[in-house]
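Shown next, in structure tokens, is the structure this report addresses.
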Amino acid sequence: MGILDNDTVVVDAILTKIGRQKLANGQPLGITKFSFGDTGVDYTLYNPDHPSGSDSYGTAITSLPMLEAVPDDNVFLRSKLWGSGERNVQNFSFITVQNTSVTIMKVPSQTQSTPVTINPTVFPVVPDATFDFKILDVRGVAVRGIKNVPFDHPDPASGIVSGRTLEINAQAQQITSQKSFGIEITREGTAPAFVTVTMETNNSTT
Amino acid sequence: MFKNFTSDDTITTEITVTNGFFDGGAGTKAGSNFTTSSLSSTQKSYYYNLQYNSKDHFSLSYGHIGGSGSAEQSTTFEGTTQAVYKQFYNFTEPSAQKLRDGTGFIINEVTQSDAYFIAAERLQMKDRLNPGTWTIELSGSTSLRTTAGSGSTLHLTDDSKTTDPITPGSPFGEVYSIYSGSAGTVQSTTTQYGKFYPDAGLFVLSAAELSSSLPGESGYIQSASLIDTEGSGLAQDTRVADAADNAIKMAVALQKGSVTLRSEEKQYIYDYFCRAKASEFNLSQNVTFWSGSDYTIRHNDMVTNPQTYISEVGLFDELNNLIAVGRLSSPINKNFSSEAIVKVRLTY
């Protein structure tokens, strides 16, 4: 009779940039929830034909040394684990968008730009599905629900809004050089989509 | 998928972390490692800095309640030693009445007309100095002889291991008595050599008591030029003269002795217990978990018994902002037959 291993895994966590900003501003961290992730795990390494049997199917995954955490909140936790009892799941729902690359164009002879709307859909179809849109750099961006951050702000800042669609524009007369940034579109239990947005300059009428 | 913490899932612990005081975390350094930093002559009339590894570690000063030992002192001109003494007294004395009356430091039940001050560099001492563990070894000559004699050492420590702090203490925290001894073990309480203010990183040492134990040779007392010769000591030069320089004597006594000292820092550990029940977190958003354009599960044997691998834990706020992230050293297999508890520790 062996002794059962009842160890709890202990992980030293680091604060992300957002966490540090909160502390610097004198705000509490306000941690209320957690999520497990498997960013960096490649399930093609899972080998159901492993000669040592089922206990070893995942050996290539569990034996791989992990990268340590970094403060950038966009590096890790990009793919989260989910599920609360679902079995016999054969297909994963996924998000699609018409264009994975869009451009916010300047209005000719003006310092305004024309907004673009990102309208994702989920497969299998879910009527009135809502999504989380994570804009990885909101500097110079105008989105309802996110406070405007000046285009020339020294530090990148991300922002999240939820909804069925996302209308996004450039702040008028702010964009002094063309810039591209990413938007992650997520929905629980659904493969995410990614859209690259390019903003044209709009700081002059020419 | 996010899972909310319950009140049982978070625990906060306050810990005290101690480290060696010296650069690189060393706890003991021989005085031969210390050098005096370059300061202007005006600065030196107030204090000297002792450096280790080219970084300031101690500031040393001498104060006299009446200004003796200054370059200049009169009824119309306050000497530097008087300013030093009164600054430290004002800083440490909790009694408004004594401050108003200018009573002065009372050590060994005697009002001290003068004192040596050792102030630790804030960067090195962190939150405060660790009481009950330090030793300051001062070296000098034991008698006022005119010829060089054999040197002696005086080991000092505080009485915090066995005695409650002095009451009333100071406006900012505990005060302990300094006696002869080492590493918090007091050898004798016959002579109180000074007071130790751990929160301020300050040692106030009776010049009279130090002078009595390690006076140095008579020729040394009034000549700062003799600091590198044998026969150094801590007997005060109480002249009002340009040449009077007592603070350097403490620097020499330390350079010929040694210091054992630790810094102290309070840290708060926040432990978050992240629990995955058997039925939870068994599927993944990871694109490699699925295959093909219709996102079919990649491995058929996972349809009825999905296997996921936890490689990271994220702590989020109410707005789903990722506040802290922890990575496991190796992924944990999770399926319907297993539960996982990961304790995520945040320290700051």
Side-chain angles (χ1 to χ4, degrees), chain A residues 8-16 18-19 22-23 29-44 46 48 57-58 61-69 73 76-77 79-94 123 132 160 186 188-192, chain B residues 1-5 10 272-274 276 279-290 294-299 301 303-304 306-334 336 340-348:
Chain A
T8 299
V9 176
V10 181
V11 176
D12 283 321
I14 62 164
L15 291 176
T16 61
I18 295 173
K22 280 192 155 191
L23 283 186
L29 292 177
I31 292 168
T32 57
K33 58 185 93 168
F34 71 93
S35 185
F36 289 119
D38 59 1
T39 311
V41 172
D42 188 337
Y43 285 89
T44 61
Y46 183 84
Y57 290 175
I61 296 171
T62 53
S63 302
L64 188 66
M66 294 282 99
L67 296 170
E68 63 179 358
D73 54 305
F76 294 112
L77 265 296
S79 75
K80 299 184 185 70
L81 302 184
W82 60 281
S84 47
E86 300 89 340
R87 281 183 189 260
N88 300 314
V89 176
Q90 299 206 27
N91 289 83
F92 192 35
S93 67
F94 56 94
F123 179 85
D132 287 333
I160 301 175
T186 55
E188 186 151 326
T190 307
Chain B
M1 181 177 97
F2 298 109
K3 188 171 177 185
N4 288 326
F5 286 114
T10 58
Y272 296 87
F273 288 87
C274 303
S279 63
E280 296 172 334
F281 299 105
N282 293 324
L283 293 163
S284 173
Q285 287 183 327
N286 191 314
V287 174
T288 64
F289 193 81
W290 313 90
D294 57 352
Y295 286 82
T296 307
I297 199 161
R298 181 174 294 276
H299 300 288
D301 70 320
V303 173
T304 53
Q307 311 281 328
T308 55
Y309 292 89
I310 300 170
S311 66
E312 58 199 353
V313 190
L315 306 181
F316 295 83
D317 66 10
E318 204 54 49
L319 298 173
N320 296 347
N321 289 313
L322 180 61
I323 301 298
V325 60
R327 297 274 295 172
L328 278 65
S329 57
S330 59
I332 301 174
N333 184 203
K334 177 73 188 70
F336 276 99
I341 301 177
V342 178
K343 184 165 81 173
V344 181
R345 173 163 286 186
L346 259 180
T347 307
Y348 56 89

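From a predicted model like this one, the values you see are computed outputs, not experimental measurements.
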Using a cut-off of under 4.5 Å for heavy-atom pairs, which of [options] has the most such pairs with chain B?
| options | answer |
| --- | --- |
| A:L64, A:T190, A:N88, A:I18 | A:N88 |
| A:I160, A:N91, A:T44 | A:N91 |
| A:G37, A:G19, A:G30 | A:G37 |

> Does any heavy atom of chain B fall under 4.5 Å from the side chain of A:Q90, the backbone, both, or neither of them?
Replying inline: both
> Which bit of A:L67 is near chain B, if near means a heavy-atom gap under 4.5 Å: side chain, backbone, both or neither?
Replying inline: both
Drop me the distance from [X]'s [atom1] to [Y]'s [atom2], to the nearest 0.5 angstrom.
| X | Y | atom1 | atom2 | answer |
| --- | --- | --- | --- | --- |
| A:E68 | B:R327 | CD | CZ | 10.0 Å |
| A:Y46 | B:Q307 | OH | CD | 4.0 Å |
| B:L315 | A:F34 | CG | CZ | 9.0 Å |

> Pick from A:T32, A:L29, A:L23: which one makes a side-chain contact (heavy atoms from CB on, under 4.5 Å) with B:I323?
Replying inline: A:L29
Work out which heavy atom in [X] is nearest to a heavy atom in [Y]; give both atom names and the distance.
| X | Y | answer |
| --- | --- | --- |
| B:L322 | A:F76 | CD2-O, 4.2 Å |
| B:F2 | A:S35 | CD2-CB, 4.0 Å |
| B:A276 | A:F36 | CB-CE1, 3.5 Å |
| A:T39 | B:S311 | O-OG, 3.5 Å |
| B:T308 | A:Y43 | CA-OH, 3.5 Å |

>> Main chain of A:V11, side chain of B:R345: is a donor-acceptor contact present, judged purely on distance under 3.5 Å?
In response: no
For chain A, the option from [options] that forms the most heavy-atom pairs under 4.5 Å:
| options | result |
| --- | --- |
| B:M1, B:E318, B:E312 | B:E312 |
| B:N333, B:N320, B:T347 | B:N320 |
| B:A340, B:G326, B:P331 | B:P331 |
| B:T304, B:V325, B:N282, B:V287 | B:V325 |
| B:E280, B:R298, B:Q285, B:H299 | B:Q285 |
| B:Y272, B:F289, B:F281 | B:F281 |

> Which bit of B:T296 is near chain A, if near means a heavy-atom gap under 4.5 Å: side chain, backbone, both or neither?
Replying inline: both
> Checking heavy atoms, do the side chain of B:N286, its backbone, both or neither come under 4.5 Å from chain A?
Replying inline: both
> Between A:K33 and B:D317, is there a salt bridge with N-O shorter than 4.0 Å?
Replying inline: no
> Do B:F316 and A:I31 touch side chain to side chain, with heavy atoms closer than 4.5 Å?
Replying inline: no
>> Holding to side chain to side chain contact (heavy atoms under 4.5 Å, CB included), I want the full list of residues that pass it with A:E86, two or more places apart in sequence or in another chain.
In response: A:W82, A:S84, A:V89, B:L283
